[in-house]
Amino acid sequence: MQKSTGKVRVRFAPSPTGGLHLGGVRTVLYNYLFAKKHDGEFILRIEDTDQTRFVEGAEQYIYDCLKWCGLEPDESPMQGGAFGPYRQSERKLMYHDYALQLIHAGHAYYAFDTHEDLEKMRADFKTTENPSPQYDSNLRTKMKNSLTLSAEEVERNIKEGVPYVVRIKVPANETITFTDLIHHEVSFDSNVVDDKVLLKADGMPTYHLAVVVDDYLMKITHAFRGEEWLSSSPVHILLWKYLFGLDQMPQWAHLPLILGPSGKLSKRDGAKFGFPVYAMNWTDPKTKDFTEGFKEKGFLPGAFINLLALLGWNDGTGQELFSMDELITQFSIERVHKSGAKFDYEKAKWFNHEWIKKSTVEELFPDIKKIFEAKEVVIEEETHFKNIMELVKDRCTLMTDFYEQAIYFFKAPEVLDTEAVKPKWNEAKTDFFETYCAQLHELNVWNVASIEDSFKTLATEKNIKPGELQLPMRIMLVGGKFGPAVFEIAHKIGKSATISRIKTALVQLNK
RNA sequence: GCCGCGUUGGUCAAGAGGUUAAGACGCCUCCCUUUCACGGAGGAAUCACGGGUUCGAGUCCCGUACGUGGUACCA
């Protein structure tokens, strides 16, 4: 079944109807990795055959997401290529010839049933055993189509402009079998496959016809898609057989689904459980419905790709952290799992944390800068700023954490967690800090050692354990129980800020 | 209902007839640190269930249960 010659060509074919979710990006990723590994080409094709579902901006959004992820196609509607157009709506006429070819060969037929006819059929034939009757080899004999009407009637209908669709004529009593790269041999009884519409009344093809025609015309060698397509694959197999021959058919791989806390992952899950589902923020232009993205949540693209790659695949060695290059060399479709994987946000955050830890501040700086600027913090001295980021880097799980983890270096905390120190607060400690402020003021050399030495010496003099004073000191400077070494912080924020923060805090504590 | 696909700890998972059933996340205990992290040492699974096949089954076969996808002139 595999093509003997030619370059590997794969495609991602989304319909531009909304945000790009986790599963979609993973499908892109596996396509991309496979293509790059085999020195092949990755094509982006837009499946916009449903005009009723057109969403403004959705296509551009897909490009933006792919760009952010570093999964840019070799051919696409935007950049073009030798097999264009890459937008199915622009290929409309091409599909007609193939539909006609199928009709002439007796593998498809015209159907004139209206929506009401179909509804009536479903209602009439509905039983408890068969709640959803299909337009199949049995029922098509009871409907209005070119198999039941006379040739004259069919011709007249078409001439008079009676709306029609073209349906595939699925043969009865056949077993349709194909080999999937992930599921291996899969087979279906043709009796349970319905006569799917190939060409809609508006002249547009359905996905079923379009995917086969385009994969052929675009010389796709390997077709990866989500497992939700597995059930309709027999229709595609049949179409390949009738139109181009099974020996021309790409190799299929039906990727396992990514599941949410309760079944198939949906954008609702994200809102409900507080994690992003889309690659980037997306607001539906019509409903204004907003869905959060991994990018804006604070994920690094590398980490996002890394965690997605491992959701359904691993290289068998136990390695979990992979760069894109490593993924390209290590990836193999054979090691993709059969079963769906539940998305675990905690693990996702762990991946990001690891990526932040292994990245240098220099690499992270542009993104961190944007986060601070969005909060209207002006970075005055870049080197100083970077030194501080170095101090807090390991404490950040998400990129957005940098703000909270470092803002107190630039601004005095607005709220102090005084509850953490109040229970053990007393006169002696007030006295200590008042004296300490005076000493700091006199300090000639402002470095970590001098700040720390005078602190400890004074504590000993006052007969208080330094440890009991360190937490208060931290709360005064930081506002909370977190951050790097206190004296390091004092050093970085400078003498006057240190003194003024201590004094401000003293007022609050002694209220 | 019917059809397809799947089923190793809470989650991701290694495992391709013989292992004390890896590892990671999360959780818990402890060490380090008189903050938070980082780092380090530990703790927790009768491999969905029932039948086979086999000297021997998480690994092969059958059934059941459960989950999941499809059952549109949506992709």
Side-chain angles (χ1 to χ4, degrees), chain A residues 13-17 47-50 52-53 88 111 113-115 118 122 126-136 163-167 180 182-183 186-189 191-194 196-208 210-211 225-234 254 256-257 259 261-264 307 310-321 335 337-351 353-354 357 392-397 401 405 417 420 465-475 478 480-486 489:
Chain A
S15 60
T17 53
E47 308 243 344
D48 57 349
T49 55
D50 186 357
T52 65
R53 295 213 302 166
Q88 289 182 331
D113 315 279
T114 62
H115 289 282
L118 292 173
R122 289 186 187 115
K126 185 176 172 178
T127 59
T128 339
E129 298 78 50
N130 185 13
S132 41
Q134 295 188 315
Y135 203 118
D136 58 15
Y164 66 85
V165 300
V166 174
R167 284 179 182 273
D180 184 278
I182 293 166
H183 297 278
V186 182
S187 60
F188 295 83
D189 178 351
N191 293 320
V192 302
V193 179
D194 65 332
K196 285 263 182 293
V197 169
L198 264 22
L199 223 49
K200 302 188 253 188
D202 65 0
M204 279 288 189
T206 58
Y207 171 84
H208 307 293
V211 71
R225 71 210 323 185
E227 206 188 88
E228 69 268 27
W229 289 107
L230 196 53
S231 302
S232 45
S233 59
H254 288 88
L257 265 10
L259 309 171
S262 47
K264 195 183 178 185
L307 73 93
L310 272 284
L311 212 53
W313 171 87
N314 67 77
D315 74 348
T317 68
Q319 181 178 346
E320 294 198 279
L321 265 18
R335 286 196 65 90
H337 292 176
K338 287 182 164 79
S339 52
K342 201 174 280 186
F343 173 68
D344 180 4
Y345 189 49
E346 293 306 318
K347 181 90 185 220
K349 284 192 288 191
W350 173 80
F351 274 106
H353 194 183
E354 292 300 315
K357 282 194 287 179
V392 301
K393 187 164 73 89
D394 288 1
R395 281 158 238 265
C396 298
T397 297
D401 292 342
Q405 288 292 333
D417 181 10
K465 280 189 217 155
E468 289 193 24
L469 296 161
Q470 277 196 32
L471 185 63
M473 171 88 162
R474 170 175 300 281
I475 300 296
V478 175
K481 290 189 278 186
F482 59 95
V486 248
I489 296 168

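Note on naming: letters A, B, ... go to the chains in the order of the sequence lines (proteins, then strands), and numbering restarts at 1 for each one.
- Here the side chain of A:Lys357 is nearest to one of B:A14, B:G39, B:G1, namely B:G39.
- Checking side-chain atoms of A:His254 against main-chain N and O of A:Ile182 turns up no donor-acceptor pair under 3.5 Å.
- The shortest distance between side-chain heavy atoms of A:Arg167 and A:Leu198 does not fall below 4.5 Å.
- Contact annotation: A:Asn130 side-chain N/O to B:C2 OP1/OP2 distance is not under 4.0 Å.
- Residue contacts for A:Ser187: at a heavy-atom cut-off of 4.0 Å it reaches the sugar-phosphate backbone alone, with no base atom in range.
- Between the side chain of A:His353 and the backbone N or O of A:Asp394 there is at least one donor-acceptor pair closer than 3.5 Å.
- At the phosphate of B:G4, neither OP1 nor OP2 sits under 4.0 Å from any side-chain N or O atom of A:His183.
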Protein-to-nucleotide contact annotation, 5' to 3' order, nucleotides 30-35 of chain B [B base; S sugar-phosphate only; - none; under 4.0 Å, heavy atom]: ----BB

Salt bridge (charged side-chain N to carboxylate O under 4.0 Å, His left out) assessment of A:Lys196 paired with A:Asp194: CA-CA 6 Å; A:Lys196 285 263 182 293; A:Asp194 65 332; 2.6 Å; yes

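- A:Arg395 forms no cation-pi arrangement with A:Phe482, by the criterion of a distance under 6.0 Å to the ring centre and an angle within 45° of the ring axis.
- In this structure, A:His337 reaches the B:A13 phosphate: one of its side-chain N or O atoms is under 4.0 Å from OP1 or OP2.
- Under the 30°/60° scheme for interplanar angles, the aromatic rings of A:Trp229 and A:Tyr207 are found to lie parallel.
- In this structure, A:Arg335 reaches the sugar-phosphate backbone alone: every heavy-atom distance under 4.0 Å involves primed, P, OP1 or OP2 atoms, never a base.
- Within a 6.0 Å sphere centred on NZ of A:Lys357, other residues, nucleotides and ligands contribute more than 12 heavy atoms.
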Footprint string (nucleotides 61-75 of chain B, 5' to 3'): B base within contact, S backbone only, - free, heavy atoms under 4.0 Å: -------SBSBSBBB

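- In terms of heavy-atom proximity, A:Glu227 sits nearest to A:Leu257 at N-CD1, 3.8 Å.
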